[in-house]
Structures are given as structure tokens and as C-alpha cells.
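Model, not experiment: these values are computed from the prediction. In what follows, every chain begins at residue 1, and chains take the letters A, B, ... in the order their sequences are listed.
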Number of protein chains: 2
Amino acid sequence: MAGHGTALVIDDEPQIVKAVARALGDIFEVVLRASTAQEGIDQAASARPDLIVLDLGLPDRDGLAVCREIRAWSSAAIIVLSARHSDHDKIALLDAGADDYVTKPFSTAELQARVRAQLRRARAILPSEGSAIEIDGLEIDLATRTVARAGEPIHLTPTEWALLRTFVRNAGKTLTHQQMFAEVWPNSGGDPQQYLRAYVATLRRKIERDPLRPNLILTESGAGYRFATL
Amino acid sequence: MAGHGTALVIDDEPQIVKAVARALGDIFEVVLRASTAQEGIDQAASARPDLIVLDLGLPDRDGLAVCREIRAWSSAAIIVLSARHSDHDKIALLDAGADDYVTKPFSTAELQARVRAQLRRARAILPSEGSAIEIDGLEIDLATRTVARAGEPIHLTPTEWALLRTFVRNAGKTLTHQQMFAEVWPNSGGDPQQYLRAYVATLRRKIERDPLRPNLILTESGAGYRFATL
DNA sequence: CGCACTCTTCACCAAATCTTCACGCCCCGG
DNA sequence: CCGGGGCGTGAAGATTTGGTGAAGAGTGCG
């Protein structure tokens, strides 16, 4: 009884992939597979699955980093699979954006039930959510990492993108300089204010209708910045 | 650092209740407790918690039934706690509407992480709802540092915001000039009265419906100021 | 090796905010 | 009726914070 939607399994052990894919096959219409972190991220970006099962211990990259990276632009449900029972790992992954953490060996039926629980939650809340956002004539797609105005694509550097992403995800909220700095420059020295001022300026030049009178990125003088309400 | 929202613990073992309530206390503003299923259902109905931790093996009713009943009219996140490791139970509860299933013995830190994961999901959708206050048509959100009337955002300077925040946190109480001065101007000389008079005036102009006859920031002549009761 | 792109930093100007002052109002007691 | 304390208001200068353009450093690629 294959239902609707797409799932993605990221795992380097063929046996596990097979078992998980089989379990997901009962629930999803399409089940994609990736055997490395990079492949997984690419597939997640292009196919936009509704749910991702991520096995830790991939050969090419750290599972925690993979989870963070995907979560940065995807709202897909992420279920982490791991042989590690340590609290520390579980907490780190869950706080990195994972929605559930299942330890191996696991029961296929339990995994299916947890998948159903995640889907129920995700669907109850997102009636019809695409990742595309439109505001003040600007089109932003967090999943494909594209920005455009009037169909004309706008090129953003990685830092500019990270900044815009942070803004969009907190649209309507006032973000302090510190908060933004922590999000965009995870580990860095230098003067936060200075960075922000410079990048906010370039970002405004690229995305604002009138950079001198910003409509999207609003200054909360003395506090921080606020992105317009969606 | 107690955050926002309400949680409910339904469990008949005092020791577990204590541990769970303590863990939730770090995350929620209010943590309610119930020791029977019936009491739990009643509290869930009246207090409308954001998250419910439900222990199985309650004396009066079957956990599965309790979960179903609550889920029938509540969209709160439900985390089930149980000593049973059987797949069958887990699957049954998850399909009955539980969002997560944690087996005892459990780590407090892991439970907190799972709670955070659930909240993240729930809140990702209902943006900026959790700390919003509404009074006399004025909307104040202490968490996102936003103020609005009739949907129109009101811009406040840092000092004005500090003043309003102090008022809101002590709504209904009369604050002396000294108290307010200590809160808003942590290290400063100058004449308290003078500062307050000036800033109260500008704040009233910005947030009051009729600045000449204030409804929110009331003057207690000879004593200080009092913010209207929420 | 040179090129293109991005990141980082700086110095200067503009704008918002803070602080202070002077004045007028209202209420109350003398 | 008059005077004074407490309070509200508006404005001006001082100060802090933000915006801007550009130049040098670092990086990856052909």
C-alpha cells in the first residue's frame, strides 16, 4: 500500500538500506537511496523528500554536520539511525534538527510507526507548504537556494545566503546582532557589528526594491535587525 | 532559564513525576502534574498544555485509551513514557497519536532533547506564538521584541523597550521611580525623575490609544507608575 | 601564474538615540 | 488667591549606532 510522498535513506550499509527502504516502501510512493553524505545532501536538495532516514557513521562526513546542513534549508522530517546509545550523541543530533533518534538494532515495525508519527505531525501542520516564499516581489526558495525578483535570478555569496536564510527563518522577529552572528559565523573572531553592517548592506543592495528605504531587512537601531513579516 | 508555555506530566509514581517535572521546568514556564488518567485528561482540557508527558501503567485507565482520548481534541505534543520495550506497545501508542515514545530508564537530558525536538516542530509552524501578550489592542511579544497595534508594527528604541519590558513584567504592580530606574538604567547618574518623565511620555505617545488619557501606563502620583493588569 | 570571486577591514558620513534643559499644567495646601 | 511640588511636553546639543564605498587579503580554478 504505497502512499504518497517521497522518502530518502542515507546509509552506507546495503543491508540496512534494503531493510529501511522496504519498510518505507509501505508508506511512501518513492524511496530514494544514497550511500554517502554528499550524495544524500544532493538528493535531499533536488528531490525534496518529506522524510529522511539518516544513518550515522557515514564514511565521508560527520552525521551531526550532515543533519545540520540539511536542516538549514529543509523542513523534512529527519529520523536518525545509529548504533550508538550514548546520551550525548542523541542530544546533539536532536538539537541539530533531527526529529527522532532510533538505535540499532531496531524493529522495522517500530520504525514505520515512528515514521507515521512524524508524518502525521508534519502534515497536520503544513497544509500546503512549499519551500518557496514570496514577499514584496522577491521569490526565495530555501530548498533550492535560489532568490529571484521578477523571474530574474539573484546571485548570493555563501555568507549572504546564510544571512538571508537566518532572516527568513525568523521573519517578523527581531534578531540581536549576537544571535545573527552566532548563526552566520559559527566560529569566528572579529567585530560582529562590522561584519553585519557590511553584509546587510550588500544583501540589501541585492534584494531590496529600494536599498535606501529597505522594505525587507529592517533596522532595529540599538538592538538588531528584523525581517519583514511573511 | 524557564522558557514559555505549559507542560503536563501524567504519572502516578511520585519519584518519576518529580524527575520529569524538574526536567521540564528548564524548558517550560508552567509544569502541571496529574497522578491519574482522569485528572490528566481534565487538566489537559482546561490548561491546554503545549506538551504532555504520559506515563503508561496508570492505575485507573489504559494508557492507549488516554492517548487516543486526548489526541481526539488536542494537538499538544504527546511523549509517552514506559517501562515496556515491546514493539507492539510502542506501535500502538505512536499510532494512537503519541509523538514520541521513551522507555524507562531514561536519561533526563535525552528527554529534554526530545521535548525540544517536538517543540521545534510544533512552533516552526505557529510562528511567534508563545509569548505574545495582548492588552487594550496592543500586541507585545517579549521573546521577539516586537510591539504592534492593529497589526502595524511599532518601533521602539532600546530604552523605550527596556522600559516597556519592565512594565509588562510587573503588570498590575506599582513600581517606584527608583525601581524602574534601577531596571532600565543599570549604571547611571543623572536625575531619575527626569529620565522617567521623558521616556514615559514618548512611550505613551507610541503605544497608548489616547496619550492624553493613558490606559496602559498609569501614573501613581507621588509614588511611581503602574502598568495596566494583563 | 593569473583571474575571478569572496571575505575582511577601514574610515568617513548619515541617522537614530540619549541626555539635558526650560517651560507649562494641574492639584493641593496655605 | 497665591505658591510650590510633582508631572507632562517639546526641543536642542551631545553621543552612539548604522550605512556606504573601497581597498587589501585570502581562496579556488583554469
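- The separation between A/Leu212 atom CG and C/dA16 atom C1' is 16 Å, rounded to whole Å.
- Of the residues in residues 216-228 of chain A, A/Thr219, A/Ser221, A/Gly222, A/Tyr225 come within less than 4.0 Å of DNA chain D through at least one heavy atom, sorted by number.
- Rounding to whole angstrom units, CG of residue A/Leu196 and P of C/dT8 are separated by 12 Å.
- Residue contacts for B/Gln193: at a heavy-atom cut-off of 4.0 Å it reaches the sugar-phosphate backbone alone, with no base atom in range.
- When the side-chain nitrogen and oxygen atoms of A/Arg197 are compared with OP1 and OP2 of C/dC10, none of them lie within a distance under 4.0 Å.
- Comparing atom distances between the A/Tyr195 side chain and each of D/dT20, D/dT9, C/dT8 picks out C/dT8 as nearest.
- A donor-acceptor distance shorter than 3.5 angstrom exists from the side chain of A/Asp60 to the backbone of A/Gln38, with no hydrogens or angles considered.
- Within the structure, every side-chain polar atom (N or O) of B/Trp185 is placed at least 4.0 Å from both OP1 and OP2 of C/dC18.
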Give the intermediate values and the outcome of side-chain hydrogen bond (donor to acceptor under 3.5 Å, both in side chains) for residues A/Ser82 and A/Tyr101. CA-CA 8 Å; A/Ser82 167; A/Tyr101 190 108; 3.1 Å; yes
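- B/His177 has no side-chain polar atom (N or O) that falls below the 4.0 Å cut-off from OP1 or OP2 of D/dG6.
- If you run side chain to side chain donor-acceptor pair (under 3.5 Å) between A/Arg204 and each of A/Asn215, A/Asp210, A/Thr219, only A/Thr219 comes through.
- Remark: B/His155, B/Thr157, B/Pro158, B/Thr159 in residues 152-171 of chain B come within less than 4.0 Å of DNA chain C through at least one heavy atom.
- Note: CZ (A/Arg213) to P (D/dG18) measures 19 Å, nearest angstrom.
- With respect to A/Gln118, the side-chain contact (heavy atoms from CB on, under 4.5 Å) criterion is satisfied by exactly one of A/Asp50, A/Ile78, A/Ile79: A/Ile79.
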Side chain to side chain contact (heavy atoms under 4.5 Å, CB included) assessment of A/Thr166 paired with A/Phe227: CA-CA 9 Å; A/Thr166 305; A/Phe227 198 77; over 6 Å; no
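- A/Tyr199 places its OH atom 19 Å from the P atom of D/dG18, with the value rounded to the nearest Å.
- Remark: side-chain polar atoms of A/Thr202 are paired, donor with acceptor, to backbone N or O of A/Tyr199 under 3.5 angstrom.
- Look at CG on B/Leu203: it is 15 Å from C1' on D/dT9, rounded to the nearest Å.
- Nearest heavy atoms, A/Ala76 versus A/Pro49: CB-O, 3.3 Å.
- To the nearest angstrom, C1' of D/dT20 lies 15 Å from CD of A/Glu208.
- In this structure, A/Arg204 reaches the D/dG19 phosphate: one of its side-chain N or O atoms is under 4.0 Å from OP1 or OP2.
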So A/Arg149 and A/Glu134, salt bridge (Lys or Arg N to Asp or Glu O under 4.0 Å) or not? Walk me through it. CA-CA 9 Å; A/Arg149 182 178 286 285; A/Glu134 192 278 327; over 6 Å; no
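- Atom CG of B/Asp191 is separated from atom C1' of D/dG8 by 14 Å (rounded to the nearest Å).
- Note: CD (B/Gln194) to P (D/dA12) measures 17 Å, nearest angstrom.
- Without hydrogens or angle criteria, A/Gln43 side chain to A/Arg33 main chain gives a donor-acceptor distance under 3.5 Å.
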